[in-house]
*Asks:* 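Pasting a structure below so you can have a look.
As a basis for the values below, the full set of heavy atoms in this structure was taken, side chains included, without hydrogen atoms, waters or symmetry mates.
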Amino acid sequence: MNETFLKTLENLIHLDKGITVAFIGKAPSFLLQRAFEFVRSDTKWNSQRETEDLLVVQPSSGNIGIDDILDVERFLLHKPANGKKKYVVIHRVERLTPEASNAFLKTLEEPPEFATLILTTTSWESLLPTIRSRSIFFEMDYPYEMLDALKKKYREDVKYIYAGCFEDFEVLKHCLDNDVSQLIEALKSFEQLNFQDLVTKFEKLTDSRPEEYLMRRKFYLEVIRRIVSEGEHEFFKKFVVLKKTLNTNGNYFHTLQEIAAVLGTLIHDSFIISRTSRWNLIQNLELLEWLMDLDLKNTAESEEVFLWCQRLSRLKIGSLNRDLILHRILYSAREIFVKR
């Protein structure tokens with residue numbers, strides 16, 4: 001953290017009243033790290049206090065529900081066991097359900113004098129106006145110098161991991177702290193697999209570790225690339241296979257959100273290639289040549305799909321028909337991209 005930012009945080013910590021701070025940015029894991037750094041910047045903080053004086057609330061099954069907010073209320077009933085402060089970190093606060101948002105307002109409007117609430121969000125404008133108005137907010141710049149270091153470390157091969165590292169700060173740290181050259185070779189091999197073998201690879205990815213995240217993302221890219229490049233008959237064959245596979249997946253809706261997010265980045269990159277000169281903002285470097293051979297059929301329709309992908313990736317409740325969502329994602333990809 002830079003000195004000005006640290007000084008601002010220090011001044012906030014020493015206020016003798018309850019406050020709410022919001023960290024806004026693009027990368028959830030980076031924002032969560034910033035939240036913990038904020039807590040540790042309290043000169044009177046002791047890590048042994050974490051059980052009693054620090055509560056971290058994160059989305060469960062995609063949402064932050066009313067029970068989570070009741071936990072916050074119970075946590076703040078009693079004064080801190082040590083020191084003068086209790087901290088509550090609500091990570092991805094945009095995932096509050098409507099019921100939870102309304103319940104949270106009471107705590108937000110009158111926090112105890114010993115309470116510091118730290119909110120993180122990638123979707124500031126989607127929060128209730130009351131939540132925004134009660135928060136001291138900071139916009140967090142992504143650590144682009146770390147992405148530059150990633151490029152120097154992996155050189156030409158960085159294109160296979162760059163987008164995933166841009167999206168997830170934990171993945172970026174993992175790739176900088178470890179040698180993932182073998183993983184990169186595995187990602188390259190995805191491009192040579194037939195579709196069924198590709199699906200079989202995906203079925204073996206069962207956790208959220210950084211390397212498995214990058215492999216899942218590569219799978220989504222390959223699915224979209226092949227859907228766009230092949231004919232209508234192949235589209236329906238692949239849709240049926242994917243539908244069957246994802247219906248046995250323990251987290252079908254979350255997978256759909258990830259696929260939609262990847263499609264959104266491809267649309268984003270295509271806009272940059274065809275309409276701007278800011279190619280340094282392109283994320284999916286491994287598909288750069290493929291994207292250069294494509295164009296967006298209809299700008300208005302592409303923008304609509306892009307916004308829909310963003311909304312889906314932030315959706316709190318996955319009660320929609322999952323098969324229809326999968327079909328819309330794949331069909332949209334096939335329809336909006338055309339050969340130049």
*Asks:* Hey, what do you get for CG (L281) to NE2 (H268), rounding to the nearest 0.5 Å?
*Replies:*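 Between L281 CG and H268 NE2, I get 6.0 Å after rounding to 0.5 Å.
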
*Asks:* Do I336 and F306 make a side-chain contact, defined as non-hydrogen atoms from C-beta onward lying under 4.5 Å apart?
*Replies:* no

*Asks:* For the hydrophobic clusters of this structure (ILVMFWY residues joined by side-chain heavy atoms under 4.5 Å, transitively), does one cluster hold both V199 and F239?
*Replies:*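 Yes, it is one cluster - the side chains of V199 and F239 are joined through contacts under 4.5 Å.
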
*Asks:* Does CZ belonging to R74 count more than 12 external heavy atoms closer than 6.0 Å?
*Replies:*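 Yes, the 6.0 Å shell around CZ holds more than 12 heavy atoms from other groups.
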
*Asks:* Within 45° of the ring axis of Y160 and under 6.0 Å from its six-membered ring centre, is that where the NZ or CZ of K218 lies?
*Replies:* no

*Asks:* Centroid-to-centroid, F23 to H91, below 6.0 Å?
*Replies:*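 Ring centroids of F23 and H91 are no less than 6.0 Å from each other.
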
*Asks:* For atom NZ of K297, decide whether the heavy atoms of other residues, nucleotides or ligands shown that lie under 6.0 angstrom number more than 12.
*Replies:*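 Yes - once you tally the heavy atoms of other residues, nucleotides and ligands closer than 6.0 Å, there are more than 12.
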
*Asks:* Looking at L214 and G164, what are the two nearest heavy atoms and their distance?
*Replies:* CD2-CA, 3.8 Å

*Asks:* I'd like to know if D42 pairs up with K84 as an ion pair, taking the criterion as any Lys NZ or Arg NE/NH1/NH2 lying under 4.0 Å from an Asp or Glu carboxylate oxygen.
*Replies:*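 Answer for the salt bridge query: no.
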
*Asks:* Tell me, do E286 and L187 make a side-chain contact under 4.5 Å, heavy atoms counted?
*Replies:*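 Of all side-chain heavy-atom pairs linking L187 with E286, none is under 4.5 Å.
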
*Asks:* With a 6.0 Å cut-off (strictly less than), is the heavy-atom count around NZ of K159, excluding the residue itself, greater than 12?
*Replies:*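 Yes, enclosed.
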
*Asks:* Shortest non-hydrogen contact from S29 to F169?
*Replies:* OG-N, 2.9 Å

*Asks:* Passes ring-ring contact (aromatic ring centres under 6.0 Å, His included), F114 versus H78? Steps please.
*Replies:* CA-CA 10 Å; F114 56 80; H78 305 287; 9.4 Å; no

*Asks:* Working note: F30 + T120, criterion side chain to side chain contact (heavy atoms under 4.5 Å, CB included); need CA distance, chi angles, decisive distance, verdict.
*Replies:* CA-CA 10 Å; F30 177 60; T120 74; over 6 Å; no

*Asks:* Give, for atom CG of L198 and atom CZ of R226, the distance between the pair rounded to the nearest 0.5 Å.
*Replies:*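 Answer for the CG-CZ pair, L198 versus R226, is 5.0 Å.
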
*Asks:* If you compare all heavy atoms of D53 against all heavy atoms of P80, which two are closest, and at what distance to 0.1 Å?
*Replies:*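 That would be OD1-CA, 3.5 Å.
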
*Asks:* Between I227 and V241, is there a shared hydrophobic cluster once you connect ILVMFWY residues whose side-chain heavy atoms come closer than 4.5 Å?
*Replies:*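 Linked, I227 and V241 end up in one cluster.
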
*Asks:* Are L77 and L55 linked, directly or through intermediate hydrophobic residues, by side-chain heavy-atom contacts shorter than 4.5 Å (ILVMFWY only)?
*Replies:* no

*Asks:* Heavy atoms, side chains only, cut-off 4.5 Å: are R132 and E125 in contact?
*Replies:*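 R132 vs E125: side chains touch.
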
*Asks:* Would you call T255 and L326 a side-chain contact if the rule is heavy atoms closer than 4.5 Å?
*Replies:*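 In short, these two side chains do not touch, never coming nearer than 4.5 Å.
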
*Asks:* Flag yes if more than 12 heavy atoms outside K188 fall under 6.0 Å of its NZ atom; otherwise flag no.
*Replies:*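 Yes, the 6.0 Å shell around NZ holds more than 12 heavy atoms from other groups.
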
*Asks:* Do the side chains of E94 and R92 get close enough for a salt bridge, i.e. N-O under 4.0 angstrom?
*Replies:* yes

*Asks:* Does R155 CZ have over 12 foreign heavy atoms under 6.0 Å away?
*Replies:*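 Counting neighbours around CZ of R155, 12 or fewer heavy atoms of other residues, nucleotides or ligands fall under 6.0 Å, so no.
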
*Asks:* As a quick check of understanding, evaluate side chain to side chain contact (heavy atoms under 4.5 Å, CB included) for L246 and R322, giving each step before the final call.
*Replies:* CA-CA 9 Å; L246 297 185; R322 289 154 171 75; over 6 Å; no

*Asks:* In Å, rounded to the nearest 0.5 Å, how long is the span from CD1 of I69 to CG of D71?
*Replies:*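 So the CD1 of I69 and the CG of D71 are separated by 9.0 Å.
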
*Asks:* Are the side chains of L172 and F166 in contact, using a 4.5 Å heavy-atom criterion?
*Replies:*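 A side-chain contact is absent here, since even the closest heavy-atom pair is not under 4.5 Å.
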
*Asks:* Whether the side chain of D68 engages the backbone of G65 through a donor-acceptor N/O pair (distance < 3.5 Å, no angle test) should be reported.
*Replies:* yes

*Asks:* Can you name the nearest heavy-atom pair linking I184 to I161, along with the distance?
*Replies:*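 Closest pair (atom of I184, atom of I161, distance): CG1-CG2, 3.9 Å.
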
*Asks:* Name each donor-acceptor pair under 3.5 Å that joins a side chain in residues 144-153 to protein atoms two or more places apart or in another chain, with its distance.
*Replies:*
residue	atom	partner	partner atom	Å
K153	NZ	C175	O	3.2
K153	NZ	L176	O	2.9
K153	NZ	N178	O	2.8

*Asks:* List the steps and the verdict of side chain to side chain contact (heavy atoms under 4.5 Å, CB included) for L312 and I329.
*Replies:* CA-CA 10 Å; L312 180 64; I329 293 170; 4.1 Å; yes

*Asks:* Parallel, tilted or perpendicular, judged at 30° and 60°: which one describes the rings of F337 and W290?
*Replies:*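 The arrangement is tilted - the two ring planes meet at 30° to 60°.
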
*Asks:* Inspect the contact between R217 and E258 and indicate whether a charged nitrogen and a carboxylate oxygen are less than 4.0 angstrom apart.
*Replies:* no

*Asks:* Can you measure from CD (E52) to CZ (F75) and round to the nearest 0.5 angstrom?
*Replies:*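 So the CD of E52 and the CZ of F75 are separated by 9.0 Å.
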
*Asks:* Mind checking salt bridge (Lys or Arg N to Asp or Glu O under 4.0 Å) for R209 and listing every partner two or more places apart, or none if nothing turns up?
*Replies:*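 Salt bridge (Lys or Arg N to Asp or Glu O under 4.0 Å) check on R209 returns D207, E212.
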
*Asks:* Identify the heavy atoms of V338 and L296 that sit nearest to each other, and give their distance.
*Replies:*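 Smallest interatomic distance, heavy atoms only, reads CG2-C, 4.5 Å.
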
*Asks:* Nearest 0.5 angstrom please: L119 CG to R134 CZ, how far?
*Replies:*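 Nearest 0.5 Å value for the CG-CZ distance: 13.5 Å.
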
*Asks:* Using side-chain heavy atoms (C-beta onward) and a distance below 4.5 Å, is V262 in contact with L221?
*Replies:* yes

*Asks:* Measure the acute angle between the ring planes of H327 and F236, then classify it against the limits of 30° and 60° as parallel, tilted or perpendicular.
*Replies:* tilted

*Asks:* Flag the pair E230 and K238 as a salt bridge only when some basic side-chain nitrogen lies within less than 4.0 angstrom of an acidic carboxylate oxygen.
*Replies:* yes

*Asks:* Is a side-chain donor or acceptor of R278 paired with a backbone partner of I272 at a separation under 3.5 angstrom?
*Replies:*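 Flag not set: sc R278 to bb I272 has no pair under 3.5 Å.
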
*Asks:* For residues I131 and S135, report the shortest heavy-atom separation together with the two atoms involved.
*Replies:*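 Of all heavy-atom pairs spanning I131 and S135, the closest is O-OG, 2.8 Å.
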
*Asks:* Treating T248 as the side-chain partner and T245 as the backbone partner, does any N or O pair qualify as donor plus acceptor under 3.5 Å?
*Replies:*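 Yes; at least one donor-acceptor contact below 3.5 Å.
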
*Asks:* Between atom CD of Q192 and atom CG of D197, what is the distance when rounded to the nearest 0.5 Å?
*Replies:* 12.0 Å

*Asks:* Under a 3.5 Å threshold, yes or no: a donor from one side chain and an acceptor from the other, between W308 and S332?
*Replies:*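 Absent: no donor and acceptor within the cut-off.
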
*Asks:* Going by distance alone, is a donor N or O of one side chain under 3.5 Å from an acceptor N or O of the other, for E170 and Y213?
*Replies:*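 There is no such pair (donor and acceptor under 3.5 Å, judged by atom type) between the side chains of E170 and Y213.
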
*Asks:* Between D269 and N284 (side chain of the first, backbone of the second, donor and acceptor by atom type, cut-off under 3.5 Å), is there such a pair?
*Replies:* yes

*Asks:* Between L96 and L127, is the side chain to side chain contact (heavy atoms under 4.5 Å, CB included) condition met? List the steps.
*Replies:* CA-CA 9 Å; L96 285 168; L127 303 182; over 6 Å; no

*Asks:* Taking the side chain as C-beta and beyond, is there a heavy-atom pair between D179 and Y154 under 4.5 Å?
*Replies:*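 SC-SC contact between D179 and Y154 confirmed.
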
*Asks:* Do I90 and L128 land in one hydrophobic cluster if side-chain heavy atoms of ILVMFWY residues count as linked below 4.5 Å?
*Replies:* yes

*Asks:* Do any N or O atoms from the side chain of S270 and from the backbone of L266 form a donor-acceptor pair under 3.5 angstrom?
*Replies:* no

*Asks:* Can you confirm whether L117 sits close enough to F104 that some side-chain heavy atom of one is under 4.5 Å from a side-chain heavy atom of the other?
*Replies:*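 They are in side-chain contact.
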
*Asks:* Among the clusters formed by ILVMFWY side chains lying less than 4.5 Å apart, do V223 and Y331 turn up in the same one?
*Replies:* yes

